[in-house]
Amino acid sequence: MPPKPENARSLAWKALLRWNRGGVFAETLVERAAAEYQLPRSDRGLMQSIVYGTLRNLRLLEHWRYALRPGALEEKMHWLVLAGLCELFVLHHAEHAVVSETVKLAPARARGVINGMLRNAVRRRAEFAAALPTLPPAVRYSMPDWLATRWTREFGEAEACAMMEWNLQTPPVYARLNPLRPMEVPAEWTPHPGAPGWYCIHGPLPLAALQAGQVYVADPSTRHCICLLNPQRGEKILDACAAPGGKSAAIIGATQGEVHLLATELEPHRLPQLRENLCRAGGEKLEVAQHDWTQPCPPEWCGAFDAVLLDVPCSNSGVLQRRVDARWRMQEEEIDRLSVLQLQILERAADAVRSGGRLVYSTCSIDRQEDRAVVDAFLASHPEFTLKEDYLALPHREQADGAYAALLLRS
């Protein structure tokens with residue numbers, strides 16, 4: 001039996017408070033609340049939109065919060081006001097309903113303050129909008145200062161601002177059709193331009209089609225590394241960092257299932273789901289195994305594969321639109337650590353490529369230090385490999401997540 005019902009706004013506020021205390025992803029908090037309270041679809045949607053909208057626009061909302069009332073507020077009231085401002089200025093919900101329902105959530109002693117702040121915000125709506133272009137980009141687009149500076153240095157101010165603005169939008173849900181499991185595409189789905197076989201899903205997830213392996217929910221950016229890998233029928237292929245299996249499933253589809261595939265994963269508890277996903281996709285000659293690629297390549301795998309796909313752990317800087325709180329977890333020093341780890345994994349996995357074979361190094365980062373710089377460092381000490389081509393997908397240009405992929409050939 002679910003606990004005593006709570007409304008979506010209350011649950012969103014509590015989720016934001018829990019998130020602020022650290023240690024839990026925003027997505028996890030929404031999933032937990034939806035399951036625990038058995039939220040209907042409309043309530044879950046409202047809760048999620050408030051939580052995600054607040055975190056996507058956090059710095060801008062805090063700027064407005066302090067403009068309305070300089071100085072400190074109790075933590076609970078601070079986040080309640082932020083959630084209300086999100087509804088007013090990001091989600092554009094009805095002003096009267098937002099003010100009334102938000103004030104109801106506050107304890108009696110604070111209702112006058114919350115009511116005054118939100119009503120003042122409504123009166124100052126035009127003023128806030130007019131001042132937006134004058135705000136520093138990191139505040140306007142709600143990004144950490146260090147990341148806004150890094151992107152501006154790497155891509156230029158106009159490109160960086162366009163990318164930061166893109167990351168404020170709610171991402172669509174995409175699915176890739178499985179050619180081994182044909183299905184009739186719903187009329188309301190729209191094809192992704194430039195990505196045959198990919199569709200934007202409108203409406204609820206197609207649970208039956210997912211269970212039947214007819215579609216796989218993933219972003220079109222994942223296709224770039226598969227295109228560079230160019231898997232062929234009959235080949236022996238290693239997907240070295242495979243879970244949950246989306247790229248392995250794409251390899252199976254591209255080869256009509258006629259591929260000898262080894263999918264490895266660091267975490268043992270993820271192996272059963274990985275195997276299930278690949279079997280659902282139509283894989284038959286497949287093996288799933290646990291391996292830590294910071295360790296040497298097992299002798300039986302050395303030089304054994306025609307092609308290796310290596311999608312390494314990264315900062316997620318290319319998927320900030322989809323992972324709403326990732327920008328607040330990221331630290332610049334973490335990119336330094338990750339680039340060292342990525343090079344180590346690349347050097348280990350490269351030993352699995354046969355002579356004349358190929359390797360695709362892939363990330364969902366758009367940061368050069370994690371992308372081309374890692375490839376260049378690897379090539380400098382591995383003359384047996386050459387760079388054939390690479391591709392950087394910037395999210396605002398792709399209208400999808402950001403990603404990087406490089407095709408390396410072994411002599």
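None of the values given here were measured: they were computed from a predicted structure.
- Residue L16 holds its CG atom at 8.5 Å from CG of L29, rounded to the nearest 0.5 Å.
- Taking each heavy atom of Q169 and Q321 in turn, the nearest pair found is O-CG, 2.9 Å.
- Contact check for L320 versus M164: no side-chain heavy atoms found under the 4.5 Å cut-off.
- Taking 4.0 Å as the cut-off between side-chain N and carboxylate O, R368 and E154 do not count as a salt-bridged pair.
- Between R125 and E95 there is a salt bridge, since a side-chain N of the basic residue sits under 4.0 Å from a carboxylate O of the acidic one.
- Inter-residue side-chain proximity for T222 and I226 is flagged as unmet; no heavy-atom pair is nearer than 4.5 Å.
- No donor-acceptor pair closer than 3.5 Å links the side chain of S317 to the backbone N or O of S365.
- In summary, R44 and E31 engage in a salt bridge, as defined by a charged side-chain N under 4.0 Å from a carboxylate O.
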Worked check of side-chain contact (heavy atoms from CB on, under 4.5 Å) between E333 and R337: CA-CA 7 Å; E333 306 78 40; R337 185 193 70 81; over 6 Å; no
Review item, side-chain donor-acceptor pairs of residues 239-253, under 3.5 Å, at least two apart:
residue	atom	partner	partner atom	Å
D239	OD2	S248	N	3.4
D239	OD2	S248	OG	2.6
K247	NZ	D311	OD2	3.2

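- In this structure, T152 contributes its side chain and E157 its backbone to no donor-acceptor pair below 3.5 Å.
- Under the 3.5 Å distance criterion, the side-chain polar atoms of N57 are matched with a main-chain donor or acceptor of G53.
- Rounding to the nearest 0.5 Å gives a distance of 4.5 Å between OG of S221 and CG of D401.
- By the 4.0 Å N-to-carboxylate-O rule, E235 lies too far from R354 to be salt-bridged with it.
- Annotation: salt bridge (charged side-chain N to carboxylate O under 4.0 Å, His left out) contacts involving residues 198-207, sequence neighbours excluded, are absent.
- Distance alone, capped at 3.5 Å, places no donor-acceptor pair between the W166 side chain and the L394 backbone.
- Electrostatic pairing of E267 and R270 does not count as a salt bridge here, judged by no charged N lying under 4.0 Å from a carboxylate O.
- Taking the six-membered ring where the residue is Trp, the centroids of H192 and Y174 are separated by under 6.0 Å.
- Electrostatic pairing of E276 and R280 counts as a salt bridge here, judged by a charged N lying under 4.0 Å from a carboxylate O.
- Looking at E258 and K285, no side-chain N of the basic residue comes within less than 4.0 Å of a carboxylate O on the acidic one, giving no salt bridge.
- Side-chain contact between T190 and H202 is present, with at least one heavy-atom pair separated by less than 4.5 Å.
- Judged as a ring pair (Phe, Tyr, Trp, His ring centres under 6.0 Å), the pairs with a partner in residues 203-234 (not counting sequence neighbours) are, in order, H224-Y391.
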Given H78 and E62, is the side chain to side chain donor-acceptor pair (under 3.5 Å) satisfied, shown in steps? CA-CA 9 Å; H78 175 80; E62 288 190 322; 3.2 Å; yes
Is there a salt bridge (charged side-chain N to carboxylate O under 4.0 Å, His left out) between R21 and E75 once you walk through the steps? CA-CA 10 Å; R21 291 161 191 168; E75 180 198 27; 3.1 Å; yes
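- Once rounded to the nearest 0.5 Å, the distance linking CG of L408 with CG of L346 reads 6.5 Å.
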One pair to check against side chain to side chain donor-acceptor pair (under 3.5 Å): E370 and S315. What are the steps and the verdict? CA-CA 8 Å; E370 298 181 84; S315 67; 2.5 Å; yes
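- Relative ring orientation between Y361 and Y404 is described as perpendicular, the plane-to-plane angle rising above 60° on a 0-90° scale split at 30° and 60°.
- Separation of atoms CG (D219) and SG (C364) is listed at 10.0 Å; rounding is to 0.5 Å.
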Show your reasoning for whether side-chain contact (heavy atoms from CB on, under 4.5 Å) applies to Y66 and L61. CA-CA 9 Å; Y66 285 103; L61 295 174; over 6 Å; no
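- When side chains are defined from C-beta on, L73 counts as touching M117, because their heavy atoms get closer than 4.5 Å.
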Show your working on salt bridge (charged side-chain N to carboxylate O under 4.0 Å, His left out) between E27 and R323 and close with a plain yes or no. CA-CA 8 Å; E27 180 180 357; R323 299 187 179 181; over 6 Å; no
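- At least one donor-acceptor pair closer than 3.5 Å links the side chain of R322 to the backbone N or O of P172.
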Test side-chain contact (heavy atoms from CB on, under 4.5 Å) applied to Y141 and L60, step by step: CA-CA 7 Å; Y141 301 118; L60 181 58; over 6 Å; no
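- Here the side chains of C225 and L309 are in contact, with some heavy-atom distance below 4.5 Å.
- Side-chain atoms of N230 and L228, non-hydrogen and from C-beta on, never get closer than 4.5 Å to each other.
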Could you please spell out the steps behind the side chain to side chain donor-acceptor pair (under 3.5 Å) verdict for D336 and Q369? CA-CA 8 Å; D336 297 333; Q369 187 175 342; 2.9 Å; yes
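- Two residues are said to be in side-chain contact when any heavy atoms from C-beta on lie closer than 4.5 Å; E101 and L105 fail this criterion.
- Annotation for I237 and P231: closest pair CD1-CB, 3.5 Å, computed over non-hydrogen atoms.
- Proximity of a side-chain donor or acceptor of D390 to a complementary backbone N or O of A405 within less than 3.5 Å is not detected.
- Rounded to the nearest 0.5 Å, atoms OG1 (T386) and CZ (R358) are 13.0 Å apart.
- Salt-bridge formation is not detected for the pair R410/D306: no Lys NZ or Arg NE/NH1/NH2 atom is positioned less than 4.0 Å from an Asp or Glu carboxylate oxygen.
- With a 4.5 Å cut-off on side-chain heavy atoms, L310 and V360 do not count as touching.
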Kindly determine whether R69 and V81 satisfy side-chain contact (heavy atoms from CB on, under 4.5 Å), including the steps that lead there. CA-CA 11 Å; R69 185 183 175 91; V81 172; over 6 Å; no
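- Dense packing is recorded around CD of E389, with more than 12 heavy atoms of other residues, nucleotides or ligands lying under 6.0 Å away.
- Using a 4.0 Å cut-off between charged side-chain N and carboxylate O, E87 and R9 make a salt bridge.
- Checked by atom type and distance alone, the side chain of T102 pairs as donor or acceptor with a backbone atom of V98 at under 3.5 Å.
- A salt bridge does not link E165 to R140: none of the charged side-chain nitrogens sits closer than 4.0 Å to a carboxylate oxygen.
- The backbone N or O of I345 sits nowhere less than 3.5 Å from a side-chain atom of T294 that would complete a donor-acceptor pair.
- Between W293 and H291, the ring planes are perpendicular. Angles over 60° get that label, and only those under 30° would be called parallel.
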Between R59 and D145, is the salt bridge (charged side-chain N to carboxylate O under 4.0 Å, His left out) condition met? List the steps. CA-CA 10 Å; R59 286 197 71 181; D145 287 327; 2.8 Å; yes
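- Once rounded to the nearest 0.5 Å, the distance linking CG of D367 with CZ of R372 reads 14.5 Å.
- A donor-acceptor pair under 3.5 Å links the side-chain atoms of D325 to the main chain of A26, judged by distance alone.
- Under a 3.5 Å cut-off, the side chain of Q256 and the backbone N or O of L180 do not form any donor-acceptor pair.
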